[in-house]
Novice: 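Before I ask anything, here is the structure I am working with.
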Number of protein chains: 2
Amino acid sequence: MFQSIASYGFKLPLYERVRLQIQERLSKHVWDINQPIPSESELSEEYGVSVGTVRKAIERLVEDNLLVKIQGKGTFVKQPNFSASLMKFFRYRNTQGELIEPIGVLKKVEKISAIPAINGILKLAPTDSLIYLERVRLIDGAIMLSEKIWLPYDLFNSLLDISLQDFGNLLYPFYYDRCNQLIASANEKLTFVKGYRDMYLDNPADETLLKICRIANNLEHIPVEYRESFGCTTNFHYEVNIV
Amino acid sequence: MFQSIASYGFKLPLYERVRLQIQERLSKHVWDINQPIPSESELSEEYGVSVGTVRKAIERLVEDNLLVKIQGKGTFVKQPNFSASLMKFFRYRNTQGELIEPIGVLKKVEKISAIPAINGILKLAPTDSLIYLERVRLIDGAIMLSEKIWLPYDLFNSLLDISLQDFGNLLYPFYYDRCNQLIASANEKLTFVKGYRDMYLDNPADETLLKICRIANNLEHIPVEYRESFGCTTNFHYEVNIV
DNA sequence: AAGTGGTCTAGACCACTCT
DNA sequence: GAGTGGTCTAGACCACTTG
């Protein structure tokens with residue numbers, strides 16, 4: 001009964017193959033978000049494996065934040081909460097010291113040809129095309145952050161069909177809904193640059209700017225977004241949990 | 001045979017009680033660091049539980065980075081590698097762009113009485129005493145970072161017996177060796193301050209300084225260190241993995 | 001009472017490392 | 001070949017939620 005997953009390779013342990021099966025059904029949104037997915041015994045019967053094997057598969061998916069188990073009720077699809085996870089690391093404070101969620105406004109979406117450095121970061125073939133975004137983030141109408149974003153064309157070309165004003169405040173939910181790419185982890189580097197003039201920030205040339213380079217990965221740990229953000233240090237607030 | 005761990009409370013699952021038993025032996029350094037710990041079947045016999053239960057207990061300890069399993073060889077005590085984990089997040093670069101490990105020099109160690117704000121952060125009783133450290137970090141002999149560190153007196157009083165020059169480059173290995181406190185996670189907040197003059201940095205009053213506030217937790221997720229670091233933005237480089 | 005996930009057991013066989 | 005951890009199974013009982 002596992003011929004269908006032969007393509008995954010038979011060297012994978014059974015519970016990993018079951019995990020991939022379930023994960024595939026998850027990304028196809030087969031199950032209603034408010035209903036429990038089939039029970040462990042149902043799945044074990046369906047896949048013809050023991051309950052313990054299904055449990056182990058589901059355990060991994062829970063670790064990956066794709067499922068949530070609730071004792072007595074069942075196992076549920078977890079919809080990623082972006083504003084509570086990734087975006088919380090990146091904050092500005094107002095003069096009263098309260099946290100602010102900057103408003104994201106997209107300025108440009110276009111297809112561009114390969115850029116060796118970026119293609120290298122995104123682990124693409126040297127000639128693969130890219131999607132290029134420009135975006136600013138506003139606080140009280142003032143531009144605090146200017147972002148340049150590069151994405152693999154093959155995965156994100158559907159973004160070209162969306163008009164600028166239809167992009168929401170957060171990009172990652174868009175990636176998820178439109179391109180089926182769930183951003184699951186990221187690496188960020190913070191540095192400071194002097195003498196860089198940004199077209200949107202319109203900053204004095206001698207001002208020290210914050211520069212954040214982010215490589216964001218999907219669930220399969222494949223880098224799918226490279227982003228460079230430039231910002232003013234005023235009221236900037238960065239928070240991170242190291243585990 | 002589990003009377004000895006009655007103090008942990010009998011509501012804990014068996015594998016959790018076994019985990020705590022093993023963890024206790026780990027923190028007492030019962031096992032040689034270069035030898036495998038007793039095998040799963042040996043431990044299951046010793047504790048009078050099934051192999052599966054021991055496996056689950058060890059699984060958790062591996063997740064916590066306390067043990068490492070190597071198939072065919074055994075399970076080994078993992079000594080925490082601080083320079084490769086926590087400290088990698090915090091870097092300066094030289095003019096060639098290469099990463100530099102700043103040298104840490106301790107300037108002050110003393111017992112102080114309670115500070116309401118700090119005691120609150122460290123979740124101590126309002127009158128509990130503290131250990132206070134001052135420390136600078138140097139690159140090419142120049143002070144790049146000035147750190148103020150507060151620790152619970154009860155856990156860290158043995159630091160008072162160590163002379164300043166005997167503190168090594170990294171503090172966390174010291175916490176581990178001398179006070180049995182393994183720093184396992186941390187929360188850091190980066191902000192910028194202007195108008196703060198630091199005694200060690202000896203900075204101009206109008207320079208914008210980086211300020212990093214860190215709350216570091218031990219394995220039991222109890223906060224055991226609060227640290228405020230002030231630094232120059234020049235050549236500063238901060239890297240973090242978000243998962 | 002029925003169904004869910006949570007815990008625990010016992011035992012089989014496999015893959016790997018060492019001697 | 002002996003010993004280790006890795007995978008997989010089958011089944012018992014418990015804790016929790018819902019009708």
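Predicted, not measured: the structure shown is a model, and the values here were computed from it.
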Novice: What integer distance in Å separates E45(B):CD from dT9(C):C1'?
Specialist: 15 Å
Novice: Can you pull out the residues from residues 31-41 of chain A that lie within a 4.0 Å heavy-atom distance of DNA chain C?
Specialist: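 Heavy-atom contacts with DNA chain C come from S39(A), E40(A).
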Novice: Please determine, for the side chain of E42(B), which listed nucleotide (dA10(C), dT17(D), dT4(D)) has the closest atom?
Specialist: dT4(D)
Novice: Atom CG of L14(A) and atom P of dT7(D): how far apart are they, to the nearest Å?
Specialist: 11 Å
Novice: Applying salt bridge (Lys or Arg N to Asp or Glu O under 4.0 Å), name anything that partners K56(A), two or more places apart in sequence or on another chain.
Specialist: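 Here no residue qualifies.
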Novice: Please state how far atom CD1 in I58(A) lies from atom P in dT4(C), giving the value in whole angstrom units.
Specialist: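 Value for this atom pair: 12 Å.
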Novice: Using the test side chain to side chain contact (heavy atoms under 4.5 Å, CB included), find all partners of S41(B) that sit at least two apart in sequence or belong to another chain.
Specialist: S39(B)
Novice: Working to the nearest 0.5 Å, report the span between OG of S27(A) and OH of Y176(A).
Specialist: 8.5 Å
Novice: Separation of R19(B) atom CZ from dC8(C) atom C1', in whole Å?
Specialist: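 Rounding to the nearest Å, CZ of R19(B) and C1' of dC8(C) are 18 Å apart.
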Novice: Could I get the full list of salt bridge (Lys or Arg N to Asp or Glu O under 4.0 Å) partners for K211(A), not counting sequence neighbours?
Specialist: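 Salt bridge (Lys or Arg N to Asp or Glu O under 4.0 Å) list for K211(A), sorted by chain: empty.
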Novice: Would you call the rings of F236(A) and Y238(A) parallel, tilted or perpendicular, where under 30° means parallel and over 60° means perpendicular?
Specialist: parallel
Novice: Using a cut-off of strictly less than 4.0 Å between a heavy atom of the residue and any atom of DNA chain C, enumerate the qualifying residues of residues 59-67 of chain B by number.
Specialist: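 Those residues whose heavy atoms fall under 4.0 Å from DNA chain C, taken from residues 59-67 of chain B, amount to none.
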Novice: Please determine if a side-chain N or O atom of K69(B) lies less than 4.0 Å away from the OP1 or OP2 oxygen of dG6(D).
Specialist: yes
Novice: May I have the distance from F76(A) (atom CZ) to dT18(D) (atom C1'), rounded to whole angstrom?
Specialist: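 Result: 11 Å.
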Novice: Want to settle it: does G74(B) or I70(A) sit nearer the 5' end of DNA chain D, counting the closest nucleotide to each?
Specialist: G74(B)
Novice: Rounded to the nearest 0.5 Å, how far apart are OG of S229(B) and CG of L145(B)?
Specialist: 5.0 Å
Novice: Is R55(B) near enough to dG6(D) that one of its side-chain N or O atoms lies under 4.0 angstrom from OP1 or OP2?
Specialist: yes
Novice: According to salt bridge (charged side-chain N to carboxylate O under 4.0 Å, His left out), does anything in residues 147-157 of chain B pair up with another residue at least two apart or in another chain? List the pairs.
Specialist: R135(B)-E147(B), E147(B)-R227(B), K148(B)-D198(B)
Novice: Can you find a side chain N or O atom of T75(A) that sits less than 4.0 Å from OP1 or OP2 on dG5(C)?
Specialist: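 For T75(A), the contact criterion (side-chain N or O under 4.0 Å from OP1 or OP2 of dG5(C)) is met.
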Novice: Once salt bridge (charged side-chain N to carboxylate O under 4.0 Å, His left out) is applied, what residue pairs with a partner in residues 165-184 of chain A remain, sequence neighbours excluded?
Specialist: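 For residues 165-184 of chain A: none.
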Novice: Please identify each residue that fulfils side-chain hydrogen bond (donor to acceptor under 3.5 Å, both in side chains) with E228(A), with sequence neighbours left out.
Specialist: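 Once residues adjacent in sequence are excluded, the partners of E228(A) under the side-chain hydrogen bond (donor to acceptor under 3.5 Å, both in side chains) criterion are Y226(A).
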Novice: Distance check needed: dT7(D) P versus Y15(A) OH, whole Å only.
Specialist: 3 Å
Novice: Whole angstrom is fine here: how far is it from CD in E16(A) over to P in dG6(D)?
Specialist: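 Value for this atom pair: 14 Å.
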Novice: When you check the phosphate oxygens OP1 and OP2 of dG3(C), does a side-chain N or O of K73(A) lie under 4.0 Å from one of them?
Specialist: no
Novice: Give every pair of a protein N or O atom and an N or O atom of nucleotides 11-15 of chain D that lie under 3.5 Å apart, one pair per line with the distance.
Specialist:
{"residue": "dA15(D)", "atom": "N3", "partner": "Q71(A)", "partner atom": "OE1", "Å": "3.0"}

Novice: So, OP1 or OP2 of dT7(D): does either fall under 4.0 Å of a side-chain N or O from T53(A)?
Specialist: no
Novice: Among all residues two or more places apart in sequence or in another chain, which pass the side-chain hydrogen bond (donor to acceptor under 3.5 Å, both in side chains) test with E45(A)?
Specialist: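 So E45(A) forms no side-chain hydrogen bond (donor to acceptor under 3.5 Å, both in side chains) with any residue.
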Novice: Report the residues that fulfil side-chain hydrogen bond (donor to acceptor under 3.5 Å, both in side chains) with E220(A), sequence neighbours left out, ordered by chain and then residue number.
Specialist: Q23(A)
Novice: Which residues pass the side-chain hydrogen bond (donor to acceptor under 3.5 Å, both in side chains) test with S50(A), not counting sequence neighbours?
Specialist: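 Per chain and number, S50(A) pairs via side-chain hydrogen bond (donor to acceptor under 3.5 Å, both in side chains) with T53(A).
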